[in-house]
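Starting from 1, each residue takes its place in the sequence as its number.
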Amino acid sequence: MESISLHAGLASEIAARLGEANVRLDEPMSEHTTFRIGGSADVYCEPGSVDEIRFVVNACRQAGAPLHIMGRGSDLLIADAGLRGVVLRLGPRFSTVKVDGCDVFATSGAANSHVGEVAAKHSLAGFEFACGIPGTIGGAAIMNAGAYGGEFSQICVDLICLDAQGDFVGVPREDAAWSYRHSMMDEEGLLILQAHLVLEPGSERDIRSRMLELAFKRREKQPLEMPSAGSTFKRPEGGYASKLIDDAGLRGLSVGGAQVSRKHTGFIVNTGGATAQDVRMLIDQVRQRVEERFGVDLQPEVRMWGFGEE
């Protein structure tokens, strides 16, 4: 493909720094999203350190190549045509978690489940709400992840970020402008490198009991057995997207392999072989019918890449 050949030199440059095993051309993004959907990225890479991340950011800027930053792909819908430029994944190679008393320092590629396990092992309470959120610390910081009465903004005191020029930016809590699924870091396009969390001393037994309780609630109410990107729509003011969708009679509505979950109507799931276009069309249909019925414009919580709008 022409777009891949245009970035082949950039890929070689990145591979020379990160190692050949950590850089791939024409990588299927369906293998890196929880939807199990998505075309190929021209260049895909997994840095393992801050220096490697800065190198990729600067190399892309100098080459004028588009750069997409992702974690576990748990909130992404990637177009069937794929992504042009470079995808930088912050994952297992950049996922350290260190504890000092009640202070937890987690790099952005650390899975929320891993951070929760480390916190429990050190008898630190306050992160239980996030343990089952299928994403990373970086994503939690960007979107102010929340569940079961807890939010990331309640436990994070500061962040270390990288801007588009490859310079370090410190963001204390008071500057993060966190609100529902929103942050200043998202608006400014900052790349999260590390989060500093402050938790509370607790009983490991009680902490693990709470983690199990919340895990049971998720399994009972959410379609975790099917590929999805979590909650498809943001919570509208004064209500819940799932109730509006259900009351509009849309439970089980399908387009191709995409379906409004019969178990939880706030989720659109991949029943098998769904395309990104299937999901996108179903999202549009749900939004249209809910607005026609209730006058509410549901806003997608799922991030859509490669559709020419992001």
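- The pair Arg287-Asp297 meets the salt-bridge criterion, since a charged nitrogen lies less than 4.0 angstrom from a carboxylate oxygen.
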- Query: Yes or no on side-chain hydrogen bond (donor to acceptor under 3.5 Å, both in side chains) for Glu204 and His122, after CA distance, side-chain angles and deciding distance?
  - Reply: CA-CA 7 Å; Glu204 180 176 357; His122 286 81; over 6 Å; no

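- With respect to Cys131, the side-chain contact (heavy atoms from CB on, under 4.5 Å) criterion is satisfied by exactly one of Met211, His114, Arg218: Met211.
- Shown are Leu244, Ile283, Thr265; of these, the side-chain contact (heavy atoms from CB on, under 4.5 Å) with Phe233 is made only by Ile283.
- A donor-acceptor contact shorter than 3.5 Å is absent between the side chain of Asp158 and the backbone of Pro172.
- Annotation: cation-pi geometry not satisfied between Arg89 and Tyr44 (NZ/CZ under 6.0 angstrom from ring centroid, within 45° of ring axis).
- Between the side chain of Trp305 and the backbone N or O of Gly82, no donor-acceptor pair lies under 3.5 Å.
- Phe152 and Met185 fall within a single hydrophobic cluster, where Ile, Leu, Val, Met, Phe, Trp and Tyr are joined by side-chain heavy atoms under 4.5 Å apart, directly or via other members.
- Between the side chain of Gln288 and the backbone N or O of Gln285, no donor-acceptor pair lies under 3.5 Å.
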All N/O donor-acceptor pairs, side-chain side in residues 101-113, below 3.5 Å, sequence neighbours left out:
from	atom 1	to	atom 2	distance (Å)
Asp103	OD1	His196	NE2	2.7
Thr107	OG1	Phe94	O	3.2
Thr107	OG1	Ser95	N	3.4
Thr107	OG1	Thr96	N	2.8
Thr107	OG1	Thr96	O	3.3
Thr107	OG1	Thr96	OG1	3.4
Ser108	OG	Ile192	O	2.8
Asn112	ND2	Ile133	O	3.2
Asn112	ND2	Gly135	O	3.3

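- Using modelled atom types, no side-chain atom of Glu13 and backbone atom of Gly9 make a donor-acceptor pair closer than 3.5 Å.
- Between the side chain of Ser254 and the backbone N or O of Gly256, no donor-acceptor pair lies under 3.5 Å.
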- Message: Assess the residue pair Asp247 and Arg293 against the criterion (salt bridge (Lys or Arg N to Asp or Glu O under 4.0 Å)); give the C-alpha distance rounded to whole Å, side-chain angles, the decisive distance to 0.1 Å, and a yes or no.
- Response: CA-CA 9 Å; Asp247 289 349; Arg293 178 78 181 272; over 6 Å; no

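- For the pair Arg72 (side chain) and Gly91 (backbone), a donor-acceptor distance under 3.5 Å is absent.
- With salt bridges taken as basic N to acidic carboxylate O contacts below 4.0 Å, one links Arg181 and Glu301.
- Salt-bridge check for Lys263 with Glu225: passed, with a basic side-chain N closer than 4.0 Å to an acidic carboxylate O.
- Checked by atom type and distance alone, the side chain of Ser74 pairs as donor or acceptor with a backbone atom of Pro134 at under 3.5 Å.
- In this structure, the side chain of Asn22 does not engage the main chain of Ala15 through any donor-acceptor pair within 3.5 Å.
- The aromatic rings of Phe129 and Phe127 are tilted relative to each other, their planes meeting at an angle between 30° and 60°.
- Between Gly126 and Ile155 the shortest heavy-atom distance is O-CG2, 3.7 Å.
- Note on Glu117 versus Lys121: no salt bridge recorded, every NZ/NE/NH1/NH2 to OD/OE distance being 4.0 Å or above.
- Between the side chain of Tyr148 and the backbone N or O of Ala130, no donor-acceptor pair lies under 3.5 Å.
- Distance check: Thr136 OG1 to Leu90 CG gives 7.0 Å after rounding to the nearest 0.5 Å.
- The two residues Asp278 and Val255 make their nearest non-hydrogen contact at CB-O, 3.3 Å.
- The shortest heavy-atom contact between Leu190 and Ile142 is O-CD1, 3.8 Å.
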- Query: When you look at His182 and Ser179, which way does the side-chain hydrogen bond (donor to acceptor under 3.5 Å, both in side chains) test go after all the steps?
  - Reply: CA-CA 5 Å; His182 168 269; Ser179 59; 3.2 Å; yes

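- Residues Ala276 and Ala79 come closest through the heavy atom pair CB-CA, 3.8 Å.
- Remark: side-chain polar atoms of Arg251 are not paired, donor with acceptor, to backbone N or O of Asp246 under 3.5 angstrom.
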